[in-house]
A.B. asks: 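Here it is, the structure, as structure tokens.
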Amino acid sequence: YVLLCLPMVPIFFTCTNKNHRKTEMVSENTVLIFLKHKVLHGASEQIFKPYEMKKTFYILSVLITLSSCKKFLQEEPYNQIALQDIFKDFEGARTVLVGCYDQLKETSYYMRDMSVFADMAGGNIKHARAGNQFQLETYRFQNSPQINNMANFYIDAYNLLYRCNNIIENVQRVADADSSKKNRMLADAYAIKAIVHFDLARVFAQAPGFSAGATHTGVILRKVNTPVIEPRGNPSSVKEVYDELIADAAKAIQYYRNS
């Protein structure tokens with residue numbers, strides 16, 4: 001017998017001899033293909049029976065499939081566009097900026113949650129408790145990491161920071177925009193980024209005067225993008241958060257002046 005090995009590929013093949021019909025599956029590390037001993041000695045009698053030819057055909061098909069598999073797996077997901085394609089022209093980059101403004105007017109942001117959170121927590125708004133459970137945990141001071149009325153705001157805020165950083169990091173790729181248009185996009189991106197960090201600190205951290213030097217825990221800063229959109233790492237101090245957002249606001253003002 002001779003042994004042919006293929007790495008880590010599960011293969012199905014069917015034997016169709018009239019006296020022997022079954023389906024076999026070979027997986028794990030090797031695929032075993034047995035040829036009769038007489039093949040090794042060059043015998044000319046009937047060696048390849050129909051079911052052996054069919055097995056050979058299936059193995060060849062698998063090899064062809066494996067050769068094309070690598071290219072298939074490297075294809076872009078149909079619902080995602082590469083950054084270099086988005087920022088190759090002004091309209092593509094502008095679409096990202098419009099998406100930032102759209103996110104600000106979501107119900108989880110300024111259209112509802114962010115607008116009423118402070119008044120609900122401060123007692124300026126009373127909860128009717130009749131059917132609608134909106135912001136009930138906030139009203140009762142029962143927000144927790146597991147159940148939090150501002151969880152959707154938290155997610156949308158970091159999605160917004162991710163989009164702003166995409167503009168800041170890629171706007172110079174835009175080929176059909178002059179420096180004035182690029183500066184205006186940078187100004188908007190830095191301004192929104194400063195506002196979002198400010199809003200996150202207002203909701204999820206104490207005010208700067210809570211501790212000497214504002215050294216108490218703030219929120220996770222998203223200075224640059226990482227492969228993961230969700231925030232990872234340890235929160236920065238409130239002082240670090242405010243230093244970062246003030247610096248971003250200053251950059252926004254400078255870019256507005258040059259746009």
Side-chain angles (χ1 to χ4, degrees), residues 97 99-127 129 133-169 186-257:
L97 183 59
C100 292
Y101 281 106
D102 281 343
Q103 191 121 33
L104 287 173
K105 62 181 184 180
E106 289 290 329
T107 56
S108 60
Y109 216 105
Y110 288 140
M111 287 299 289
R112 192 187 65 183
D113 292 9
M114 184 65 194
S115 300
V116 303
F117 170 76
D119 285 331
M120 186 71 76
N124 295 328
I125 299 176
K126 291 190 177 294
H127 205 287
R129 303 186 187 180
Q133 301 298 303
F134 167 67
Q135 291 280 5
L136 184 59
E137 278 73 31
T138 298
Y139 185 73
R140 293 175 173 174
F141 297 99
Q142 292 178 346
N143 279 329
S144 69
Q146 290 73 36
I147 301 175
N148 195 307
N149 293 144
M150 300 302 288
N152 290 333
F153 161 75
Y154 185 82
I155 294 170
D156 285 349
Y158 280 100
N159 283 340
L160 251 173
L161 292 173
Y162 189 85
R163 291 179 181 181
C164 290
N165 282 335
N166 275 339
I167 296 172
I168 293 168
E169 295 168 8
L186 284 169
D188 286 354
Y190 275 113
I192 295 173
K193 186 178 176 183
I195 290 170
V196 174
H197 274 134
F198 178 58
D199 289 340
L200 282 166
R202 287 199 292 164
V203 173
F204 296 105
Q206 297 287 350
F210 181 75
S211 67
T215 56
H216 54 284
T217 302
V219 296
I220 299 174
L221 280 173
R222 177 56 66 82
K223 295 182 179 180
V224 296
N225 278 347
T226 62
V228 180
I229 298 178
E230 292 78 15
R232 300 285 177 88
N234 297 320
S236 300
S237 69
V238 169
K239 182 182 185 304
E240 291 171 325
V241 173
Y242 274 80
D243 286 347
E244 181 69 15
L245 69 88
I246 291 171
D248 285 341
K251 291 177 184 176
I253 293 171
Q254 188 62 40
Y255 280 117
Y256 278 129
R257 289 171 177 168

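On a predicted model such as this, the values are computed, not experimentally measured, just so you know.
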A.B. asks: Are side-chain N/O atoms of Asn152 and Tyr109 paired as donor and acceptor at under 3.5 Å?
C.D. replies: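 Side chains of Asn152 and Tyr109: no pair found under 3.5 Å.
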A.B. asks: Measuring from atom CD of Gln135 to atom CD1 of Ile125, what distance do you get when rounded to the nearest 0.5 angstrom?
C.D. replies: 9.0 Å
A.B. asks: How far does CG of Leu160 sit from CG of Asp102, to the nearest 0.5 angstrom?
C.D. replies: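 Between atom CG of Leu160 and atom CG of Asp102 there are 10.0 Å.
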A.B. asks: Kindly give the heavy-atom pair with the smallest separation between Tyr255 and Ala187, and that separation in Å.
C.D. replies: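 It is CB-CB, 3.6 Å.
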A.B. asks: I need the minimum non-hydrogen distance between Ala191 and Ala252, along with the two atoms involved.
C.D. replies: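 Heavy atoms of Ala191 and Ala252 come nearest at N-CB, 3.6 Å.
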A.B. asks: Rounded at 0.5 Å granularity, tell me how far CD1 in Ile167 sits from SG in Cys100.
C.D. replies: 4.0 Å
A.B. asks: Distance check, rounded to the nearest 0.5 Å: Ile253 atom CD1 versus Tyr190 atom OH?
C.D. replies: 13.5 Å
A.B. asks: For the backbone of Ile229 and the side chain of Arg222, can you confirm whether one donor and one acceptor N or O come within less than 3.5 Å of each other?
C.D. replies: yes
A.B. asks: Could you give the distance from CD (Gln103) to CZ (Arg163), rounded to the nearest 0.5 Å?
C.D. replies: 4.5 Å
A.B. asks: Under a 3.5 Å cutoff, is there a donor and acceptor pairing between the side chains of Tyr154 and Asn148?
C.D. replies: no
A.B. asks: Below 6.0 angstrom between ring centroids: does that apply to Tyr162 and Tyr158?
C.D. replies: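 Centroid distance Tyr162-Tyr158: not below 6.0 Å, so no.
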A.B. asks: Look at the aromatic rings of His216 and Phe210 and report parallel, tilted or perpendicular, splitting at 30° and 60°.
C.D. replies: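 The rings of His216 and Phe210 stand perpendicular, inter-plane angle above 60°.
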A.B. asks: Distance check, rounded to the nearest 0.5 Å: Glu240 atom CD versus Leu245 atom CG?
C.D. replies: 12.0 Å
A.B. asks: Give the intermediate values and the outcome of side-chain contact (heavy atoms from CB on, under 4.5 Å) for residues Thr138 and Phe117.
C.D. replies: CA-CA 7 Å; Thr138 298; Phe117 170 76; 3.7 Å; yes
A.B. asks: For the side chain of Asp199 and the backbone of Met114, is there at least one donor-acceptor N/O pair under 3.5 Å apart?
C.D. replies: no
A.B. asks: For the side chain of Asn149 and the backbone of Glu137, is there at least one donor-acceptor N/O pair under 3.5 Å apart?
C.D. replies: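 The answer is yes, because a donor-acceptor pair under 3.5 Å joins these two groups.
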